[in-house]
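Reviewing the structure listed below.
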Amino acid sequence: MARKMNSGFVAWLRRDLLLAYRRRGEVASPVLFFMMVSTLIPLGLTPEAARLGEVAAGMIWVMALLATLLSVDGMFASDYQDGSLEQMLITPQLLPLPLLGKITAHWLTTGLPLTLVSPLLGLMMSLPSAGYLPLLCSLALGTACLSLVGAVGAALTVSLRKGGLLLSLLVMPLYMPVIIFGTATVSYAVDGLNWLPPLALLGALLAASVALCPLAAAGALRVTASN
Amino acid sequence: MARKMNSGFVAWLRRDLLLAYRRRGEVASPVLFFMMVSTLIPLGLTPEAARLGEVAAGMIWVMALLATLLSVDGMFASDYQDGSLEQMLITPQLLPLPLLGKITAHWLTTGLPLTLVSPLLGLMMSLPSAGYLPLLCSLALGTACLSLVGAVGAALTVSLRKGGLLLSLLVMPLYMPVIIFGTATVSYAVDGLNWLPPLALLGALLAASVALCPLAAAGALRVTASN
Amino acid sequence: MTWLSNGSPSWQWFHRLGSPRWFYHRSGRWLPWLSLAALLVLLNGLVWGLAFAPEDAKQGNSFRIIYIHVPAAFLAQSGYFIMAIAGAIGLIWKMKISYMVMKSAAPIGAVLTFIALFTGAVWGKPTWGAYWVWDARITSMLILLFLYAGVIALQYAYHSVDAASKASAILALVGTVNIPIINKSVDWWYTLHQPATIKLTSAPSMHMDMFMPLLVMIVGFYLFYAVALILHTRNEILRRERKTSWVRELANAKAGR
Amino acid sequence: MSVSQTPLLSVENLAFERDDSGLFSAVSWHVVAGDILQIEGANGSGKTTLLRLLTGSLQPSAGTIAYLGQSISACRYNYLTDMLYIGHQPAVKLNLTAEENLRWMVATAAKSNELSLNDALIQVGLAGYTDIPCYALSAGQHRRVALARLLISDARLWYLDEPFAAIDKQGVQFLQSCFQQHVERGGAVVLSTHQDLALSNVRKYNLSACAEQVV
Amino acid sequence: MSVSQTPLLSVENLAFERDDSGLFSAVSWHVVAGDILQIEGANGSGKTTLLRLLTGSLQPSAGTIAYLGQSISACRYNYLTDMLYIGHQPAVKLNLTAEENLRWMVATAAKSNELSLNDALIQVGLAGYTDIPCYALSAGQHRRVALARLLISDARLWYLDEPFAAIDKQGVQFLQSCFQQHVERGGAVVLSTHQDLALSNVRKYNLSACAEQVV
Ligand code: HEM
Ligand SMILES: Nc1ncnc2c1ncn2[C@@H]1O[C@H](COP(=O)(O)OP(=O)(O)OP(=O)(O)O)[C@@H](O)[C@H]1O
Ligand SMILES: Nc1ncnc2c1ncn2[C@@H]1O[C@H](COP(=O)(O)OP(=O)(O)OP(=O)(O)O)[C@@H](O)[C@H]1O
Ligand SMILES: [Mg+2]
Ligand SMILES: [Mg+2]
C-alpha cells in the first residue's frame with residue numbers, strides 16, 4: 001500500500017511525459033518553435049543588433065507566455081474527450097496530486113525547454129551579456145507559474161469544447177504580474193541594479209501558485225467536468 | 001442539381017460559421033486576446049510612446065501570426081475525431097472547394113476580427129498616424145494568407161493527434177514572407193514612401209495561396225486522414 | 001488528385017528501375033569507386049586550401065573556413081531541391097525508392113545547413129565581432145534549417161511509413177515553392193533596413209589561387225553528398241524491406257560468413 | 001430486365017495490406033439491388049477496413065471494386081453520389097443541435113429525398129430533442145442523429161459500420177425495418193455488426209473465413 | 001454470516017434532475033455480494049446518468065447511495081478504492097500502446113491483483129497488439145484495452161456502461177464468464193446494456209419503468 005500513497009502524482013506525470021515524447025522527433029520541437037518565433041521578431045522589427053538587444057528580454061518573455069498559452073489549452077481537452085478525466089475524478093487519491101503531476105509534465109515539456117534555450121535566443125537577439133543569468137533564473141521560476149495558473153484556466157474551460165482563446169482571456173490578466181517581475185529581473189540586471197528582489201518576488205509568486213493552483217484546478221474540474 | 005453544384009463550399013462555410021457562432025464567446029475572443037497581448041507588450045518592453053511606436057507594426061504582426069497559429073491547429077482536429085472529415089473525403093464534390101469553405105470560415109472568425117481591431121491596437125501602441133491604413137490593408141490580405149498556409153500544415157498533421165507545436169514547426173517558415181511584406185507595408189508608409197509595392201506583393205502571395213493551398217491541403221488530407 | 005493516382009502501365013520499366021533491390025545491388029557496386037573519388041577530391045581541396053592557398057590580406061588565416069563554409073552552404077541549398085524532387089517522383093510515380101531517397105536527404109541536408117551556420121558563426125566572431133547577425137543570407141539559411149526540421153519531424157511523427165513518406169513529400173514540395181519567395185523577401189527585408197553595411201568578403205574579387213581550391217572543394221562536397229545519400233538510402237532500404245526474402249537472404253549470407 | 005443483371009456493386013479478389021502485413025485477401029462477392037449483406041468477423045478482422053475500401057477512402061493493395069460494372073475510380077462522381085456511409089464515428093458535431101447537424105449532412109450530400117428534417121428526427125425518436133446541442137444527448141440519441149440520414153438519403157448503396165451500437169431494442173427493430181424498405185425500393189445495404197439480424201433476406205460474409213455463408 | 005446481510009451497495013429513493021426537469025426518481029434497489037444487476041431502459045432513459053451518480057461524479061437531487069451501510073460521501077476513500085467504472089468513453093489514450101495504457105490505469109487505480117499486464121492483454125485477445133499505438137487498433141480492440149482492467153482490478157464493485165459495445169460474440173461470452181467469476185469471488189456487477197445476457201443470475205432493473213423485474 002505504501003507504494004501507492006503518492007502514485008497519483010507519479011503515474012500522471014509519467015504518462016503525460018510519455019505522451020509528449022511518444023515520437024522521437026517531438027523532443028526537439030519546443031526548442032525549434034522558440035527559435036522560429038525569435039526569427040520572426042527581427043523579421044518583423046529590425047535586424048539592427050542594438051535595437052533588438054533593447055527588446056530582447058521582453059520579447060523572450062512574451063514568447064514564453066504565448067507558448068504556454070498555445071499548449072496549456074490541450075492540457076485537459078483530450079483527457080476530457082476520451083474519458084480519462086472522468087477516471088481521474090473518481091480515483092481515491094486527492095485530486096490535486098495527479099493534477100500537479102500533469103502540470104509538472106506540462107512545464108517539463110514547454111517551460112523548461114524554453115528556459116534552457118533562452119541563452120541561445122538571447123544570443124540571436126543580441127541581449128547584453130549581463131542579462132543571461134537573470135533571464136535563465138526568471139524564466140525557470142516564471143514559466144512554472146505560467147503552467148500552474150494556466151492549468152486553472154484550462155480546468156475552468158475544459159467542458160466548453162472551446163478553443164484556446166477563451167482560456168487566454170481568463171488567464172492573461174493573471175499572467176501580468178509574472179511578466180512584469182520577469183522582465184524587471186532582466187532589465188535590472190542589464191541596468192546594473194540588484195536583480196534579486198524581483199526574482200524573489202517571482203519566487204514568492206511561484207510558491208503561492210504551487211500551493212493554490214492545483215487546489216483551484218481540482219475544484220474547477222469537479223464543477224465543470226462532471227457536467 | 002444546379003443548386004448543388006458548389007454546395008460543398010457554401011455548406012462547409014455555413015457550418016463552420018455556425019459552430020463559431022455557437023461558441024459566441026469565441027468570436028469576440030481573438031480580438032480580446034489580441035488586445036490583451038498588446039497590453040502585455042508595453043509591460044514587457046517599455047512604456048515610452050516613441051519607442052513603442054517604432055516596434056508597433058512589427059509587434060502587431062507577430063501577434064496576428066501567433067493568434068492564427070493558435071487557432072489554425074483546431075481547423076481539422078475535431079472534424080477528424082468525430083468522423084466529419086471522413087465524410088468530407090467521400091463527398092462527390094471536388095475536395096478543394098469544401099476546404100476553401102472551411103478556410104474562409106476560419107479567416108472570417110480570426111483574421112478579419114484582428115484586422116478590424118488593429119487600428120485600436122495601433123492607437124494603444126502609439127503607431128504613427130500614417131501607418132493605420134496600410135496596417136489595415138496589409139493585415140486583411142496577410143491574415144488570409146496565414147489561414148490558407150496554416151490549413152496545409154493542419155491537414156498534414158491532423159491524424160497525429162498532437163498539439164500545435166509540430167504544426168508551428170511546419171508552417172512558421174512559410175509565414176516569414178508574409179510578415180516581411182506586412183511590416184514593410186507599414187514601415188514604408190510611416191517613412192513616407194510609396195507603400196503600394198509591398199502591399200501588391202502581399203496580394204500576389206495571397207493569389208498564389210488561394211490557388212495552391214486548397215489543392216495542397218486536399219492532397220495532404222487524402223494522405224493523412226485516410227490512415 | 002490525379003498525381004496521386006496510379007501511373008500508366010507504360011511506366012512499368014521505370015518502376016523496375018526504381019526497385020529497391022535493384023538499387024541496392026547496383027549502388028553496392030558503384031559505392032567504393034564513388035567514395036574513393038570523393039575522398040581524393042576532398043583531400044586534394046583541403047590540402048590545397050588549407051596549406052597552399054595564400055593568406056587573406058584582411059582576415060589572415062581565419063578566412064580558410066571558407067573552404068568548408070561555402071561548399072556546405074551550397075550543398076545545403078541544392079539538397080533541399082534534391083529532396084523535393086525525390087518526393088515529387090514518389091508522389092507521381094509511386095516509386096518506393098524515391099521516398100527513401102527523400103527521407104535520407106533530409107538529415108544530410110539539415111546537417112550541412114547546420115555546418116554552414118556554425119562555421120559562419122565561428123567566422124563571424126573575428127570578422128564582425130558577433131556570433132550572430134541578422135544578415136539576409138544568414139537568415140535565409142536559418143529558415144532553410146527550419147524547413148528541413150519540419151520535413152524530418154513529419155517523417156518521425158507518423159507511425160505508418162506510407163503516410164510519413166507522402167506527407168513529407170507534400171511538405172517538401174510546398175517548401176520548394178516557398179524557398180525562392182523566402183530568399184527574395186528576406187533579401188528585400190534586409191536592404192530595406194540597412195543598406196549593406198556588413199559585406200561578406202568580396203567574392204568576385206577573390207584571388208584565383210584562393211578560388212580554385214574552393215571550386216575543388218565544392219565538387220568534393222557534391223561527391224561526398226552523393227556517397228552519404230547512397231549510404232543512407234541503402235540503410236533505409238534494408239530497414240523497410242527487412243521482411244522481404246532478398247534482404248533475409250542477404251542477412252543470412254552475411255551471418256553465414 | 002437486363003439492368004438487374006449487372007450487380008450494383010461487385011468486389012473481386014480484394015486484398016488489403018498495411019505496411020507489408022496482409023489483413024485480408026481474395027475477398028470476392030457482389031451485391032445486387034435488393035441485397036442485404038452482413039460482414040461478419042472477430043474484432044480486428046478488417047470489417048471497418050473493408051467498408052472504408054468500398055467508400056474509396058482507402059486504396060486496396062490488389063483487386064477491384066466495381067459499381068454497375070465500372071471500376072469505382074472510373075466513375076467516381078456517380079458512385080459517390082449514390083453511396084451513403086455511416087461509420088463508427090457518426091460525424092455529429094457536439095456543439096450543434098440535432099437539426100443543424102442533419103441540415104449540414106444533407107447539404108453536403110449529393111442526393112436527398114423530400115422528407116423534412118424534422119420528420120426524420122421524429123421518426124428516429126428524437127422528438128423534443130431537436131434543438132438542444134448534441135453534447136447533451138445520450139450515447140444512443142447521439143447515434144440516432146446520424147442514423148436519421150438514412151431516412152433522408154436517396155443513395156442506393158448504404159454502407160453501415162455497426163449501426164446498432166448503443167441503440168436500444170426498439171431502435172434496432174426500427175432500423176431493420178428501414179433496411180427492409182430500402183432494399184424493397186431497389187437499394188442495397190452492406191453492414192457490419194456483431195448482432196444477428198431478424199430479417200430473412202440477409203446474406204452473411206465472414207471475413208475471418210473469407211467466405212460467404214448462406215443462412 | 002452477518003456481513004452478507006449489509007448490502008454492498010444500496011440505493012434508496014434516488015432522483016436526478018437537470019435544470020429542473022426530472023430524469024428519473026424513486027429509484028431503489030440494493031446489490032449484495034454475488035449480484036449482477038442489469039440496468040435496462042430506452043435510449044436516453046438515464047442509465048449512464050445513474051451509473052455516474054453511483055460513482056459519485058454526479059450528485060443526486062434526492063435520495064441516498066450507501067456502501068456497506070454508509071453514505072458514499074461519508075466513506076469516500078474506501079468506496080472509491082473498492083470501485084471500478086468503465087464508461088462509454090474507455091479512457092484509452094490513442095497515442096500510447098495497449099500496454100502503456102494499461103500500466104497507467106493500474107498505476108492510478110487503488111487496488112490491483114498480481115496478474116501481469118501482459119497476461120491480462122493476452123486474455124482479452126490482444127496478444128500481438130500490445131506494442132502498437134492504440135489508434136492503430138480496431139474499435140473492438142480499443143475497448144478491449146479498457147476491459148483488460150477488469151482482469152487486473154481487485155475492486156468488488158464493477159460499474160460497466162455498455163461493456164459489450166463493439167465487442168464480437170466470443171468477446172461477449174468471455175466478458176460474461178468474467179462477470180460470473182467476479183461474483184463468485186464475492187464481487188458485484190452493475191451494468192447497463194441493451195443486449196440480453198446469457199447468465200442465469202442476472203437481475204434486471206428497468207429504468208423507464210423505474211421498477212425491478214424478476215427474470
Ligand atoms: C551563421 C552565419 C553564416 C551563414 C548562415 C552563411 C551562409 C552563407 C551562404 C548561404 C552562402 C552562399 C553560398 C552560395 O553562394 O550558394 C555563403 C557564402 C559565403 N559566406 Fe557565409 N554565412 C555566414 C557567415 C559568414 C561569415 C561570418 C563570413 C565571413 C566574413 C562569410 C563569408 C562567406 C563568403 C566569402 C561566401 C562566398 C561568397 C559568395 O559566394 O558570394 N559567411 N554564406
Ligand atoms: N490506422 C490504422 N493503422 C494501422 N493499423 C490499423 C489501423 N486501423 C486498423 N488497423 C488494424 O487493422 C486491423 C483491422 O481493423 P478494423 O478496424 O478493420 O477491424 P474490424 O473488423 O472493424 O474490428 P471491430 O470489430 O473491432 O470493429 C486491426 O488488426 C487493426 O489493428
Ligand atoms: N451533459 C448533459 N447535459 C444535459 N442533458 C444531458 C447530458 N447528458 C445527458 N443528458 C440527457 O439526460 C438524459 C439521459 O441520458 P443518459 O446518457 O443517462 O441516457 P442513457 O440511458 O445512458 O441512454 P443510452 O442508452 O443512449 O446510452 C438524456 O435525455 C439526455 O438528453
Ligand atoms: Mg470496426
Ligand atoms: Mg448511456
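Here the structure is a predicted model, which means the values were calculated and not measured. The sequence lines fix the lettering, A, B, ..., with proteins before strands; numbering per chain opens at 1.
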Quiz item: Should the pair D:Arg144-D:Asp168 be classified as a salt bridge under the 4.0 Å nitrogen-to-oxygen rule?
Solution: yes
Practice problem: Check whether any side-chain heavy atom of B:Val178 sits under 4.5 Å from a side-chain heavy atom of B:Leu146, and report yes or no. | Solution: yes
Quiz item: Side chain, backbone, both or neither: which part of D:Thr97 has a non-hydrogen atom closer than 4.5 Å to chain B?
Solution: both
Quiz item: Would you say the side-chain atoms of D:Ser116 and D:Asn118 include a donor-acceptor pair closer than 3.5 Å?
Solution: no
Practice problem: Measure distances from B:Leu89 to the heavy atoms of chain D and classify the residue's part below 4.5 Å as side chain, backbone, both or neither. | Solution: backbone
Exercise. Would you check if the side chain of B:Asp16 reaches a backbone N or O of B:Leu13 as a donor-acceptor pair within less than 3.5 Å?
Key: no
Exercise. Would you mind checking which part of D:Met105 comes under 4.5 Å of any heavy atom in chain B, side chain (CB onward), backbone (N, CA, C, O), both or neither?
Key: neither
Quiz item: Quick one: of D:Val92, D:Leu80, D:Asn101, who has the most non-hydrogen atom pairs under 4.5 Å with chain B?
Solution: D:Leu80
Quiz item: Counting only heavy atoms not in D:Glu12, do more than 12 sit closer than 6.0 Å to its CD atom?
Solution: no
Quiz item: Among D:Arg76, D:Glu100, D:His88, D:Arg103, which has the most heavy-atom pairs under 4.5 Å with chain B?
Solution: D:Glu100
Quiz item: Looking at B:Gly83, B:Ser78, B:Pro92, which has the largest count of heavy-atom pairs under 4.5 Å with chain D?
Solution: B:Pro92
